[in-house]
Amino acid sequence: MSFRDLRNFTEMMRALGYPRLISMENFRTPNFPLVAEVLLWLGKSYEPQVDLPSDVDSEANRIIFIKAVAQFMATKAHIRLNTKRLYQADGYAVKELLKVSSVLYNAMKTKELSTAGPGDLEDPQGRFQFHLGSKVSELKAARQLASEITAKGASLYDLLGQEAELREHRAAAIARPLEINETEKALRAAIKEVLGSVERSRERLGNVASDEVSLEGKIEKKRQDLERNQKRLETLQSVRPSFMDEYDRMEADLQTLYQTYVEKFRNLSFLEAQLDDYHRLEQDRLEEAENTLRTIQLKLREDERKLIRSGLKDGDSDMEILEDEGSDSDMEDSRPAKPRAAGGRGDARLVGTMQGGDSETEDFDVEEEEEEEEEEEEEANEELEDDASLEGPAPSRPSRGGGVSPPLLESDNDF
């Protein structure tokens with residue numbers, strides 16, 4: 001059940017001429033006698049000669065009555081009613097009653113339109129016409145009233161929510177005895193305040209004329225000032241200042257200088273970028289030259305070590321041959337000295353005997369001398385390499401094998 005259905009049903013029954021006043025509160029609880037009475041009246045209104053049972057005192061009689069009404073409406077008016085809802089006789093029964101009452105109400109409205117004359121509808125051709133333009137003002141007023149009704153309803157709801165608290169204060173105020181002196185005093189004060197406000201209002205009304213005159217004078221004065229300022233503005237806009245020629249010339253020079261500045265700044269940025277690239281390339285080239293020089297130095301040291309080892313092997317073989325030749329004599333023979341590299345401490349001489357017990361000692365002394373010579377030769381090579389890197393090609397020096405070692409660097413182009 002909805003409030004709209006209940007309202008429409010009550011309005012339709014009132015329009016159809018139902019003798020009893022139906023309230024929207026009648027269907028809050030089940031009310032079968034009222035439902036039965038309405039159904040019987042609607043049946044009689046639809047067909048006066050219908051014969052429906054009117055006894056609804058017992059449960060069986062109520063069931064028979066509901067079935068008879070539903071069957072009559074289905075056969076005569078082609079209206080299908082829900083007997084279960086009708087038997088409940090509450091708000092859901094209103095929807096079923098609304099089906100029958102709406103049919104009768106629509107028939108009544110159609111009959112009124114068909115029987116009305118041309119003068120009744122205010123249409124010379126006898127047709128119903130509705131002009132929306134004449135109802136625009138009424139529509140606006142209706143919308144305004146609807147908004148006001150909504151606002152008033154909201155405020156009324158809020159005030160009703162405070163009724164529980166205000167009821168106590170109201171009862172206390174009513175129960176309190178009134179004092180005549182205080183009441184008279186309050187009324188006198190209120191009357192005095194009202195009289196004062198009325199007097200002030202009268203004074204303001206009397207001063208309206210003088211205020212209008214003063215305001216008109218002020219407005220006229222402001223208007224004259226505005227016209228004077230506008231004329232002055234037009235004069236200033238028409239006169240060209242004396243410094244404008246110089247300003248235009250300096251502005252042109254500034255534009256030229258700015259273009260020059262932009263061009264130089266762009267060139268400077270480009271040159272700085274080129275300089276950075278050049279420094280980067282130079283750094284890479286120096287690193288590559290250092291790596292190449294280090295590789296050449298390592299290769300030269302390795303070649304020098306190989307030459308020194310080959311010279312040592314040749315010297316050992318010569319010593320063995322000399323020992324074999326002098327094996328028949330007992331005298332000590334002096335051995336020829338091996339040539340040493342430049343920068344050594346002197347020529348090393350190997351003295352051998354035919355005695356077999358001193359061969360191990362001699363070999364140990366020879367190995368110590370060879371190690372010392374190698375260390376001296378490495379130091380000399382390092383000095384020669386440093387001199388070669390600064391002065392040019394290094395002079396050749398004799399190796400232990402009697403040959404001449406190649407120079408460290410022939411020229412500066414070896415890098």
Side-chain angles (χ1 to χ4, degrees), residues 276-415:
D276 294 338
D277 295 340
Y278 176 76
H279 287 325
R280 193 181 302 106
L281 292 175
E282 283 293 327
Q283 186 67 26
D284 296 340
R285 192 180 294 109
L286 290 175
E287 292 178 357
E288 185 178 358
E290 290 178 359
N291 294 332
T292 305
L293 179 60
R294 192 178 294 106
T295 304
I296 293 172
Q297 289 176 355
L298 293 174
K299 185 176 180 182
L300 291 175
R301 289 178 185 177
E302 187 66 25
D303 295 341
E304 188 69 23
R305 290 192 184 93
K306 289 181 181 179
L307 290 175
I308 291 172
R309 291 192 187 97
S310 63
L312 289 175
K313 290 180 181 179
D314 295 340
D316 293 340
S317 61
D318 294 340
M319 288 174 62
E320 291 177 357
I321 293 171
L322 291 174
E323 288 178 357
D324 292 338
E325 291 178 356
S327 59
D328 296 336
S329 62
D330 295 333
M331 295 179 65
E332 294 181 356
D333 296 332
S334 61
R335 301 296 191 270
K338 294 188 299 179
R340 297 180 59 189
R345 289 177 299 177
D347 296 336
R349 297 181 179 276
L350 299 177
V351 180
T353 59
M354 295 299 292
Q355 298 177 359
D358 296 334
S359 61
E360 296 180 356
T361 305
E362 292 176 358
D363 294 338
F364 181 76
D365 295 336
V366 171
E367 290 178 356
E368 289 182 352
E369 291 178 359
E370 290 178 353
E371 291 178 357
E372 292 177 357
E373 290 176 358
E374 288 179 357
E375 293 178 356
E376 293 175 358
E377 287 173 357
E378 289 178 357
E379 294 177 357
N381 287 334
E382 292 177 357
E383 293 177 358
L384 290 174
E385 289 172 357
D386 295 336
D387 295 338
S389 62
L390 296 175
E391 297 177 359
S396 62
R397 54 188 177 85
S399 63
R400 293 183 59 87
V404 179
S405 62
L408 292 178
L409 294 174
E410 295 180 358
S411 65
D412 292 340
N413 296 326
D414 292 339
F415 288 96

In this structure, CD of Q297 is separated from CD of E290 (nearest 0.5 Å) by 10.5 Å
Quick one: does D284's side chain get under 4.5 Å of R280's, heavy atoms only?
yes
To the nearest 0.5 Å, what is the distance between CG on L298 and CZ on R294?
8.0 Å
salt_bridge(R285, E282) N-O dist < 4.0 Å:
yes
Nearest 0.5 Å, please: how far is CG in N291 from CD1 in I296?
11.0 Å
Please round to the nearest 0.5 Å and tell me the distance separating atom CG of L307 and atom CG of L300.
10.5 Å
